[in-house]
Amino acid sequence: QVESRCPSLPHPAAPPVQLSLYYESLCPACREFLVMKLFPTWLLLPSAMLNITLVPYGNAQERNVSGKWDFQCQHGPEECLGNMMEACLMHEAKNFSTFFPVIFCLESGSSVTKNLQAQCLQIHAPELDSGRIAACVQGDVGRALMHHNAQLTEALDPPHQYVPWITVNGKHTDKLQAQAEASLLGLVCHLYQGEKPEACGGSKAPKILSGCRR
C-alpha cells in the first residue's frame, strides 16, 4: 500500500534558481538588464523560485590609501557613489523585497544618485532611514561593503570580462549569459525543477545587449 500513499505525501520543495548579477550603477547595459529583465522576472515569479544576489562593483578598481580603501569606477566618481549607495541600501534594508524596488527605482530614473531620498525611498521603502544610508555611504561601513564587493567580483571564475556579468547557480558560461539576456524568464522557468507557475507559460526573447567591457 506504500505506492498508493506516496502521491499524497508532501513533496520537498525544489531549490530556487540562484542568480547573481555583477554590475555597475551607471553602465547602460547593466541598467537595462536590471530594469527590463531582472526586475520584471522577479515580480512575475514566486520568491521560492528565484534567489537574486546583486553585486554593484563591476569594472571598478580599488587601492589602499593610508589604510583606507579608495575606488575608481569605469564611469567616474558618480558611478562609485551610485555603487556605494546601493551597497549601503542593501546593508541597511537587509530584506531583498525591501531594497530591490528601491534599486529598480534608482536605476530606471534620470539620476541614480540624486533620487534616493526624494523619490525612491519615499515611494518604495519609507520605513528606511535615509540618514543611516547616508552615514554608511560617507563612512567606513560603505568602504568596507565596496571592498567586499571587490573581493566577490575578483573571485569570479572565469574572471569577468564585461558587465552585466551573470552567474546562474554559481556558474557563468557564454551560453547562460546569452540566454539570460535574451529571455531571463524562460531560462529560470527552464532551470527550476519544481512546479512551474503560470508565468512560465511562455516568454519572448528580446535583443541581446552589448555590455560594458573592461
| message | Counting C-beta onward and ignoring hydrogens, is there a side-chain heavy-atom pair between M84 and P56 closer than 4.5 Å? | response | no
| query | For Q138, does its backbone N or O pair with a side-chain atom of R143 as donor and acceptor, under 3.5 Å? | reply | no
| said: Closer than 3.5 angstrom, by distance alone: can the side chain of K37 be matched with the main-chain N or O of A180 as a donor-acceptor pair? | reply: no
| message | Would a single hydrophobic cluster contain both L116 and V141, if residues Ile, Leu, Val, Met, Phe, Trp and Tyr are joined by side-chain heavy-atom contacts under 4.5 Å? | response | no
| message | Does any part of the side chain of V17, heavy atoms only, come nearer than 4.5 Å to the side chain of L187, both counted from C-beta? | response | no
| task | Go through the steps for E154 and Y57 under the test side-chain hydrogen bond (donor to acceptor under 3.5 Å, both in side chains), then give the verdict. | result | CA-CA 10 Å; E154 291 303 316; Y57 186 80; 5.5 Å; no
| said: Show every disulfide bond (SG atoms under 2.5 Å apart) that has at least one partner inside residues 137-171, sequence neighbours left out. | reply: none
| query | Under 3.5 Å, is there a donor-acceptor pair between the side chain of T167 and the main chain of G170? | reply | no
| field | Reference residue T41; test side-chain contact (heavy atoms from CB on, under 4.5 Å); the match among L44, L45, L38 | value | L45
| What do the steps show when you test T113 against L106 for side-chain contact (heavy atoms from CB on, under 4.5 Å), and what is the final call? | CA-CA 7 Å; T113 58; L106 293 173; over 6 Å; no
| Side-chain heavy atoms of L19 within contact of N51, under 4.5 Å | no
| message | More than 12 heavy atoms of other residues, nucleotides or ligands under 6.0 Å from NZ of K196: yes or no? | response | yes
| said: Distance check, rounded to the nearest 0.5 Å: L34 atom CG versus W42 atom CH2? | reply: 11.0 Å
| remark: Separation between OG (S20) and NZ (K171), nearest 0.5 Å, reads 14.0 Å
| Heavy atoms from other residues, nucleotides or ligands near CD of Q61 exceed 12 (cutoff 6.0 Å) | no
| query | If every non-hydrogen atom of G58 is compared with every non-hydrogen atom of V163, which pair is closest and at what distance? | reply | CA-CG1, 3.7 Å
| said: Quick check: closest heavy atoms across N149 and A87, and the distance to 0.1 Å? | reply: ND2-CB, 4.0 Å
| query | What pair of heavy atoms forms the shortest contact from V112 to M85, and how long is it? | reply | O-CE, 4.2 Å
| field | Sidechain-backbone polar pair: Q177 side chain, P164 backbone, donor-acceptor under 3.5 Å | value | yes
| said: Show me the pairs that pass disulfide bond (SG atoms under 2.5 Å apart) and involve residues 108-161, at least two apart or across chains. | reply: C88-C136, C105-C120
| Pairwise side-chain contact, L184 with F33, heavy-atom cut-off 4.5 Å (strictly under) | yes
| S25 and E79: side chain donor to acceptor below 3.5 Å | no
| Between Q18 and N169, is a side-chain hydrogen bond (donor to acceptor under 3.5 Å, both in side chains) present by the stated rule, with each step listed? | CA-CA 5 Å; Q18 303 282 344; N169 292 332; 6.0 Å; no
| Linking I/L/V/M/F/W/Y whenever their side-chain heavy atoms sit closer than 4.5 Å, directly or via other members, would L21 and L152 fall into one cluster? | no
| request: Compare all side-chain heavy atoms of D129 with those of E92 and state whether any distance is below 4.5 angstrom. | output: no
| NZ/K94 to CG/L128 distance, rounded to the nearest 0.5 angstrom? | 10.0 Å
| message | When you measure from the side chain of K114 to the backbone of S111, do you find a donor-acceptor pair of N or O atoms at a distance under 3.5 Å? | response | no
| query | Are L145 and Y22 connected, step by step, through hydrophobic side chains (Ile, Leu, Val, Met, Phe, Trp, Tyr) whose heavy atoms are closer than 4.5 Å? | reply | no
| With a 4.5 Å limit on heavy-atom distance, are the side chains of P197 and M49 in contact? | yes
| message | Does any part of the side chain of I166, heavy atoms only, come nearer than 4.5 Å to the side chain of L176, both counted from C-beta? | response | no
| task | Find out whether M36 and R31 are in side-chain contact, i.e. whether some heavy atom of one side chain is under 4.5 Å from a heavy atom of the other. | result | no
| Heavy-atom closest pair, residues H75 and P28 | NE2-CD, 4.3 Å
| request: For the pair F96 and F99, name the ring-plane relationship: parallel under 30°, tilted 30 to 60°, perpendicular over 60°. | output: perpendicular
| task | Ignoring hydrogens and angles, state whether a donor on the side chain of H172 or D157 is under 3.5 Å from an acceptor on the partner side chain. | result | no
| said: Quick check for you: to the nearest 0.5 Å, what is the distance between E24 atom CD and T153 atom OG1? | reply: 9.5 Å
| query | Do I123 and M90 belong to the same hydrophobic cluster, where Ile, Leu, Val, Met, Phe, Trp and Tyr are linked whenever their side-chain heavy atoms lie under 4.5 Å apart, directly or via other members? | reply | no
| Mind checking whether M146 and V55 sit in one hydrophobic cluster, side chains of I, L, V, M, F, W, Y counted as touching below 4.5 Å? | no
| query | Can we call the ring centroids of F39 and F100 under 6.0 Å apart? | reply | yes
| task | Output the distance between atom CG (L54) and atom SG (C30), rounded to the nearest 0.5 Å. | result | 11.0 Å
| Got a second to check how far I103's CD1 is from S108's OG, nearest 0.5 Å? | 11.5 Å
